[in-house]
K.L.:
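Here it is: the structure, laid out below.
First the proteins, then the strands, lettered A, B, ... as listed; each starts at 1. Values reported hereafter were calculated over all heavy atoms of this structure, with side chains retained and with hydrogens, waters and symmetry mates removed. Fair warning: this is a prediction, and the values are worked out from it, not measured in the lab.
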There are 2 protein chains.
Amino acid sequence: MAEKQYRIGEFSQLVGLSTYTLRYYEDQGLILSQRDDNGVRFYTEHDIRWVGFILHLKGTGMRLNELKRYVKLRAEGDATIGERREMLQRIKNEAEAEIAERQLHLTVLEHKIKWYDEKQAHTIDDSETFHDYLQRFQD
Amino acid sequence: MAEKQYRIGEFSQLVGLSTYTLRYYEDQGLILSQRDDNGVRFYTEHDIRWVGFILHLKGTGMRLNELKRYVKLRAEGDATIGERREMLQRIKNEAEAEIAERQLHLTVLEHKIKWYDEKQAHTIDDSETFHDYLQRFQD
DNA sequence: AAACACCTTCGAGTGCACTGTAAGGCAAGG
DNA sequence: CCTTGCCTTACAGTGCACTCGAAGGTGTTT
């Protein structure tokens, strides 16, 4: 039983990327496609997994240029595993730092929401500025 | 004792935004500046706090257009507090959803790093694909 | 007198990641 | 035969948030 083959339109639906983007990624060397006798692209389950994986990498904040570099290393074989590992580790660290930073910003936003609530409920002095209010959480 | 006044160059250093960006933000209505007798911008501590706050909002993922809308509402007075609160709440929800999503992508990246480690240490079968490996964590 | 920091308007350039159009062509299905 | 879906190259357009430069100006400091 041969594996199911998908043409670009169907594949596009499956992976959630437009056909434009799929061709663009192929241009950029991020994906490969096989061709039938007429030169028409087709993809298999294997390609679905690969696109899924690069979308995970993208989802962590990895940029196309880094992704290209990663794919290039991958094509060079197991000798580059160390380098790829370091790359992913760096991406991981950066992503975690960004998340942490974003969470810090979020706490201020949360305080502001609380401040609005208390202001609306008149449980804080009408003249207390948000800045003064924030001071109460500084320690 | 009058409050210290900062001209744009110094202020730029203090808040970490270029003078270009400060003027741009002013154009966009995100910041106000006072002017001396010669029309030269100056800022005070109050402005430092305000820029600090909008950078927190930006840091949560809020876009300039939303920020503009927020600032506009703010200028309309306390009557818009409810709307501003809802706005920040929505931003908060979106930011949390994005963080959660990013963390999901990160777990896959972490698995990939582990997979590299195990592959390098030859503790996994050389023929086991990352996809097969990942299956072991699916439940 | 020159250097410096600021002011204005206006418009162009940057980086990223697409997204779309034009203009041509091929092959299969109703 | 015509529509649909695919193919190609090449290039323009989009959205976002800056970033910069030109060309002219003012006021303060050395």
K.L.:
Partners of B:Asn93 by side-chain hydrogen bond (donor to acceptor under 3.5 Å, both in side chains), sequence neighbours excluded?
P.N.:
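With neighbours one apart ignored, the set is B:Gln89.
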K.L.:
To the nearest angstrom, how far is B:Asp37 atom CG from C:dA5 atom C1'?
P.N.:
17 Å
K.L.:
Which residues pass the salt bridge (Lys or Arg N to Asp or Glu O under 4.0 Å) test with A:Glu26, not counting sequence neighbours?
P.N.:
A:Arg35, A:Arg41
K.L.:
Do B:Arg49 and B:Glu45 meet the salt-bridge criterion of a basic N to acidic O distance under 4.0 Å?
P.N.:
no
K.L.:
How would you list, by chain and number, every residue that makes a ring-ring contact (aromatic ring centres under 6.0 Å, His included) with A:Tyr24, sequence neighbours excluded?
P.N.:
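For A:Tyr24, no residue satisfies ring-ring contact (aromatic ring centres under 6.0 Å, His included) once neighbours in sequence are set aside.
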K.L.:
Listed by chain and number, what are the side chain to side chain contact (heavy atoms under 4.5 Å, CB included) partners of A:Asp36, not counting sequence neighbours?
P.N.:
A:Asn38, A:Val40, A:Phe42
K.L.:
Ignoring hydrogens and angles, write down the donor-acceptor pairs under 3.5 Å from the side chains of residues 50-68 of chain B, residues two or more places apart or on other chains.
P.N.:
| residue | atom | partner | partner atom | Å |
| --- | --- | --- | --- | --- |
| B:Trp50 | NE1 | B:Leu30 | O | 2.8 |
| B:His56 | ND1 | A:His105 | ND1 | 2.9 |
| B:Thr60 | OG1 | B:Leu57 | O | 2.6 |
| B:Glu66 | OE1 | B:Arg63 | N | 2.8 |
| B:Glu66 | OE2 | B:Arg90 | NH1 | 3.3 |
| B:Lys68 | NZ | B:Gln28 | OE1 | 2.6 |

K.L.:
To the nearest 0.5 Å, tell me how far A:Ile81 CD1 sits from A:Arg74 CZ.
P.N.:
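Rounded to the nearest 0.5 Å, the CD1-CZ separation comes to 10.5 Å.
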K.L.:
Any chance you could list the contact pattern along nucleotides 20-30 of chain C? Use B for base contacts, S for sugar-phosphate-only contacts and - for none, protein heavy atoms under 4.0 Å, 5' to 3'.
P.N.:
BB-----S---
K.L.:
Answer whether the closest heavy-atom distance between the side chains of A:Leu22 and A:Ser12 falls below 4.5 Å.
P.N.:
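A side-chain contact under 4.5 Å exists here.
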K.L.:
Does the distance from a Lys or Arg side-chain N to an Asp or Glu carboxylate O, for A:Lys114 and A:Glu110, drop under 4.0 Å?
P.N.:
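Answer for the salt bridge query: no.
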K.L.:
Just to be sure I understand the geometry, which residues of residues 43-63 of chain B put a non-hydrogen atom under 4.0 Å away from DNA chain C?
P.N.:
none
K.L.:
Report the residues that fulfil salt bridge (Lys or Arg N to Asp or Glu O under 4.0 Å) with A:Glu10, sequence neighbours left out, ordered by chain and then residue number.
P.N.:
A:Lys4
K.L.:
Reading DNA chain D 5' to 3', which nucleotide is the first, and which the last, to come under 4.0 Å of any heavy atom in chain B?
P.N.:
D:dC16 to D:dT28
K.L.:
State whether A:Thr21 places a side-chain N or O below 4.0 Å from either non-bridging phosphate oxygen (OP1 or OP2) of C:dA17.
P.N.:
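Looking at the OP1 and OP2 atoms of C:dA17, neither is under 4.0 Å from any side-chain N or O of A:Thr21.
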K.L.:
Are any of the side-chain heavy atoms of B:Arg23 and B:Ile8 separated by less than 4.5 Å?
P.N.:
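Counting from C-beta outward, B:Arg23 and B:Ile8 do come under 4.5 Å.
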K.L.:
Hey, what are the protein-to-nucleotides 11-13 of chain C N/O distances that come in under 3.5 Å?
P.N.:
none

K.L.:
Mind running a 4.0 Å heavy-atom check of residues 22-29 of chain A against DNA chain C and sending the residues that fall below it, in number order?
P.N.:
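Listed by number, they are A:Tyr24, A:Tyr25.
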K.L.:
Between B:Glu83 and B:Arg69, is the closest basic N to carboxylate O distance under 4.0 Å?
P.N.:
yes
K.L.:
Taking only residues two or more places apart in sequence, or in another chain, which ones meet A:His111 in a ring-ring contact (aromatic ring centres under 6.0 Å, His included)?
P.N.:
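A:His111: ring-ring contact (aromatic ring centres under 6.0 Å, His included) contacts with A:Phe137.
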